[in-house]
Number of protein chains: 2
Amino acid sequence: MIKETSSNAFNRKFLHSVCRINGALETIAGRWKALMLIHIAEGKNRFSLLKQVLPTVSDQVLGRQLRELEADGLIGKTVIAEVPVRVDYHLTDKGTAILPILDALAEWHDKR
Amino acid sequence: MIKETSSNAFNRKFLHSVCRINGALETIAGRWKALMLIHIAEGKNRFSLLKQVLPTVSDQVLGRQLRELEADGLIGKTVIAEVPVRVDYHLTDKGTAILPILDALAEWHDKR
DNA sequence: GGAGTTACTCACAAAAAAATGAGTGGTATA
DNA sequence: TATACCACTCATTTTTTTGTGAGTAACTCC
């Protein structure tokens, strides 16, 4: 049973309506997403390659975060009919555009 | 009973160790924090003023996020012995430095 | 004495995010 | 036939985050 009026969902919508920052933060705040974007940019652009560099992420979370990044337009995917199937991910323009902001965040974090 | 080795906590530490972005995101990803920072910058710098502009936030969450922002060095507080007691918040240098990054995020979010 | 103001805090409940363990389908190699 | 690879997906549990409702202290005004 879904409560349409749960405060939680209501508050999320409220925040989206008053400020776009919340939308932006939601698309990149998934625990592994920032690192996934960076790795994809550097050529670790497949499910199994990402698992190598993020060894402790669970399959399910990795799969879901890939789907979400795709749905939010930060990455695209190409299915290559090799054997076994191979799927390559790449950053879209929007995905590429977030990288300098992530850098800025990292630098900011070192401030005193 | 606390599991020191829960994957959840382990993964968080792992991410912090490999990339500062995750630390930065954690400090600002609380649902209300970005907006709180902006309002404090604009003079809505007290508990009750923040409640006015964020009417649906709960007292507990507002209080906790203020504590966290303070612990992370983004805001400072001044207790003024009026009656009733009054507490003013202000952005630190670090808190001020995040504002342009938040703006950049908002702009980025509008990209196609 | 009772109500109101400010700035919280606490125990608890609900919702969301992340993790676990197993399973799918196609192909190819031992 | 059995095992392995790749790229997932599912049902379920665990952990974290957010929200609810009530309560606190100190003081003032009626």
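Residue numbers begin at 1 in each chain, while the letters A, B, ... track the order of the sequences.
A/Gln65 has its CD atom 18 Å from the P atom of D/dA7, to the nearest Å. Between the CG atom of A/Asn11 and the C1' atom of C/dA16 there is a distance of 14 Å, given to the nearest Å. Separating the CH2 atom of A/Trp32 from the C1' atom of C/dA19 is a distance of 10 Å, rounded to the nearest angstrom. B/Lys44 has its NZ atom 14 Å from the P atom of C/dT6, to the nearest Å. Note: CG (A/Asn8) to P (C/dA17) measures 8 Å, nearest angstrom. Rounded to a whole Å, the NZ atom of A/Lys13 is 14 Å from the C1' atom of C/dA15. Atom pair B/Leu62:CG and D/dT17:P shows a separation of 17 Å (rounding to whole Å applied). Rounded to whole Å, atom P of D/dT16 lies 15 Å from atom CG of B/Asn22.
In the set D/dG19, C/dT9, D/dC8, the nucleotide with an atom closest to the side chain of A/Phe47 is D/dC8. Here C/dA18 is the nucleotide among D/dT18, C/dA18, D/dA22 with the atom lying nearest to any side-chain atom of A/Arg64. Comparing D/dC6, D/dC27, D/dG19 by their nearest atom to the side chain of B/Val61 picks out D/dG19. Proximity note for A/Asp59 (side chain, C-beta onward) versus C/dA7, D/dT9, D/dT15: the nearest is D/dT9. Nearest to the side-chain atoms of A/Ser7 among the listed nucleotides C/dA15, C/dT6, D/dT20 stands D/dT20. Candidate nucleotides C/dT6, C/dA18, C/dA28 were compared by shortest atom distance to the side chain of B/Arg46, and C/dT6 ranks first.
Contact record, B/Arg20 with A/Ala106: NH2-CB, 3.5 Å, taken as the closest heavy-atom pair. Taking each heavy atom of A/Asp93 and B/Lys111 in turn, the nearest pair found is O-NZ, 4.1 Å. The two atoms that bring B/Trp108 and A/Ile28 nearest to each other are CH2-CG2, 4.3 Å, heavy atoms only.
Close to D/dC6, at under 4.0 Å from its OP1 or OP2, lies no side-chain N or O of A/Ser48. Between B/Arg31 and D/dG19, a side-chain N or O to OP1/OP2 separation shorter than 4.0 Å is present. In this model, the phosphate group of C/dT6 is not approached by any side-chain N or O of B/Tyr89 to a distance below 4.0 Å at OP1 or OP2.
Each of A/Val85 and A/Thr56 was matched to the nucleotide of DNA chain C holding its nearest heavy atom; the match closer to the 5' end belongs to A/Thr56. Residue whose closest nucleotide on DNA chain D sits further toward the 5' end, between A/Arg67 and B/Arg12: A/Arg67. Mapping A/Gly30 and B/Arg86 onto DNA chain C via the closest heavy atom, the residue that lands nearer the 5' end is B/Arg86.
At a threshold of 4.0 angstrom between heavy atoms, the contacts of A/Lys77 are confined to the sugar-phosphate backbone, with no base atom among them. Among the atoms of the strands shown, none is found under 4.0 Å from any heavy atom of B/Glu68. Using a 4.0 Å heavy-atom cutoff across all strands shown, B/Ser58 reaches at least one base atom of the nucleic acid. Contact annotation for A/Gln60: base contact, defined as any heavy-atom pair under 4.0 Å involving a base atom.
There is a side-chain donor-acceptor pair under 3.5 Å between B/Thr56 and A/Asn11.
The local environment of CG in A/Asp110 is crowded, with over 12 non-hydrogen atoms from other residues, nucleotides or ligands closer than 6.0 Å. At most 12 heavy atoms of other shown residues, nucleotides or ligands fall within 6.0 angstrom of atom NZ in B/Lys44.
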